[in-house]
Amino acid sequence: MQNHNLYALFQSRFPADETAAFIETPDGETILYKDIDRLSGHFLGLFEKLGLQAGERVIVQVSKSPAAMMLYLACLRHGLIYIPLNTAYTVAEVEYFARDAEPALIVGDPAREAEFNNLRDRLGIANLFFLDPRGKGSLMQAALAEGPLQHTIERGADDLAAILYTSGTTGRSKGAMLSHDNLASNALTLHEIWGWRPGDVLLHALPIFHVHGLFVASHCALLNGSKMLFLPKFDLERIIELLPQATVMMGVPTFYTRLLGDERFTRDLCRNMRLFISGSAPLLPETFRAFEKRTGMAILERYGMTEAGMITSNPLEGERIPGTVGFPLPGVDLRIADENGTPLPANEIGVLEFKGPNLFKGYWRMPEKTAEEFRDDGFFISGDLASQDETGRVSIVGRAKDLIISGGFNIYPKEIELLIDELPGIDESAVIGVPHPDFGEGVVAVVVPKEGAAPSEEDILAALKDKLARFKQPKRIFFTDELPRNTMGKVQKAVLRETYKDSFKG
Ligand code: MCA
Ligand code: AMP
């Protein structure tokens, strides 16, 4: 029987060259391909010692480091379900995920040791370890004392490899369950269509707690036996320094607008680059054009979501058209439909629905929520508004879901509104995204105070501080007497977005 464990696929592609590097950091840390089995094997030793069983969950909220990458690969090998969390989440937010996922192991940042210990005690978490940004800490200490073991356990196609939480329109996060085959099929497709070739070097500046950085970027490199120039975070100086050594880079639009904002970013700097890929948020056509003018290269925009990885892509060969996200990936069945799921004619705007081998297995312990988002014929309702032309090319034109995407991070207004509404002196609130020069969209809260009350912006922000990750906190708060509503009583967010559209101008 074929072992569907994703790690087995990667292993089958590791380069024979003993000197081939997998990861290089600016601090001079290097991991060679020939060392991945051994380094991840130490974690396997620890997992055995702790008695962790395949199918159990592991929550990981640590800084990006080569060691964190090894931990991820070890979880795959042991059949553990990997749950990465945004490092910006507060412990209050982590608590929600821990209650929902019931992990057998949590790995956290030692900078928040006391808070994590408290969480472990309250929730009765069996195992808690720490890993710091330099790959040191109690996890590494314990792992290095074990093994290395060398198993890559048998997994079936549908066995889960990871759960990635995406926020929900109700304010409750949902865990998207992704199988080994979901991840493998998408990685193999992207490796193929983006023309990965020997000698490609990936400049990796994305976080590794989301699909974009963890799966799309790293998996392509692993399948290609490529080196990753691994930055702890987006760092303009480092990127300018490293670009001449790279051939491929993936980023959110903010990466590209920030690069364009620096005059050292030139055609010559990109002389060895063959591909810049953008996604997670809409790339403005003006950014695409400015980039082309500066570098002579057309950014390749693709579209995806946590529930499925990548779904469409502009072509490697052929025209990349700004404002479009290209064609459905091979194996992906895609349609633009009305509210009943009936396909619409070409060029009409509707909701993008799709299915394919990359489509997830549902939301963790939320069968009703899962059912709501699938059609009877297995198509998934993305919540994105799109059109498709006669040639099959897709354009994302908006969102049916109430979602803000800021610097590539998704923010669901409901989650913030619920917290603001429960504060003293506040009647109600509406949270919207408006154009932001750096993040694409910036979060704005429009608040209606209770009669006679005069809450201040500072009070509201102070109250949100420990409850919400920094990137979700409103960057501006406005007060008003009343929110605009339609005849059904629904808040007209489009009207608010228009009213406050210049909040970040100038
Ligand atoms: C940081 N801040 C943000 C964001 N990031 N605020 C809003 N939106 C953000 N994305 C806050 C910080 O807390 C800080 O607040 C202030 O903004 C300035 O921080 P700065 O140091 O400039 O930020 P940074 O560290 O440079 O980060 C910006 C970033 C980063 C590089 C754009 O957010 C990033 O790496 N984003 C990528 C997200 C991503 O990987 N998305 C993929 C999702 P203060 O100063 O007030 O304390 S996967 C996905 O969407 C699907 C599958 C897909 O299609 O890919
Ligand atoms: P996430 O839930 O973080 O996986 O974000 C997925 C959402 O990001 C999609 O449903 C889209 O709304 C958005 N998205 C991803 N790529 C693009 C893109 N190229 N253009 C416009 N929106 C995008």
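Counting convention: from 1, in listed order, for ligands and their atoms alike. Not measured: the values here are computed from a predicted model. We number each residue from 1, following the sequence as shown.
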- Message: Taking 4.0 angstrom as the limit and counting only heavy atoms of K233, give me the atoms of ligand 1 inside it, by number and element.
- Response: 21 (O), 25 (O)
- Message: For atom 12 (O) of ligand 2, what is the closest protein heavy atom, and at what distance to 0.1 Å?
- Response: D384 OD1, 2.6 Å
- Query: How does H212 reach ligand 1, if at all, at less than 4.0 Å between non-hydrogen atoms: by side chain, backbone, both, or neither?
  - Reply: both
- Query: At a 4.0 Å cut-off, with the gap strictly under it, does some heavy atom of Y303 reach an atom of ligand 1?
  - Reply: no
- Message: In this structure, does ligand 1 have an atom that sits under 4.0 Å from one of the heavy atoms of R258?
- Response: yes
- Task: Run the contact test for R302 against ligand 1 with a 4.0 Å cut-off on heavy atoms, strictly below, and give the result.
- Result: yes
- Is any side-chain N of the basic residue among D402 and K414 closer than 4.0 Å to the acidic one's carboxylate O? no
- Among H210, R470, Q473, E307, closest by heavy atom to atom 15 (O) of ligand 1 is R470
- Query: Looking only at heavy atoms, which two atoms of D100 and R365 are closest? And how far apart?
  - Reply: O-NH1, 3.4 Å
- Task: Just let me know how K475 lines up against ligand 1, side chain, backbone, both or neither, with a heavy-atom cut-off below 4.0 Å.
- Result: side chain
- Work out whether the distance between some heavy atom of P207 and some atom of ligand 1 is less than 4.0 Å. yes
- Is there a nitrogen or oxygen of S278 sitting under 3.5 Å from a nitrogen or oxygen of ligand 2? no
- Query: What do we get for F471 next to ligand 1 when only non-hydrogen atoms under 4.0 Å count, side chain, backbone, both or neither?
  - Reply: both
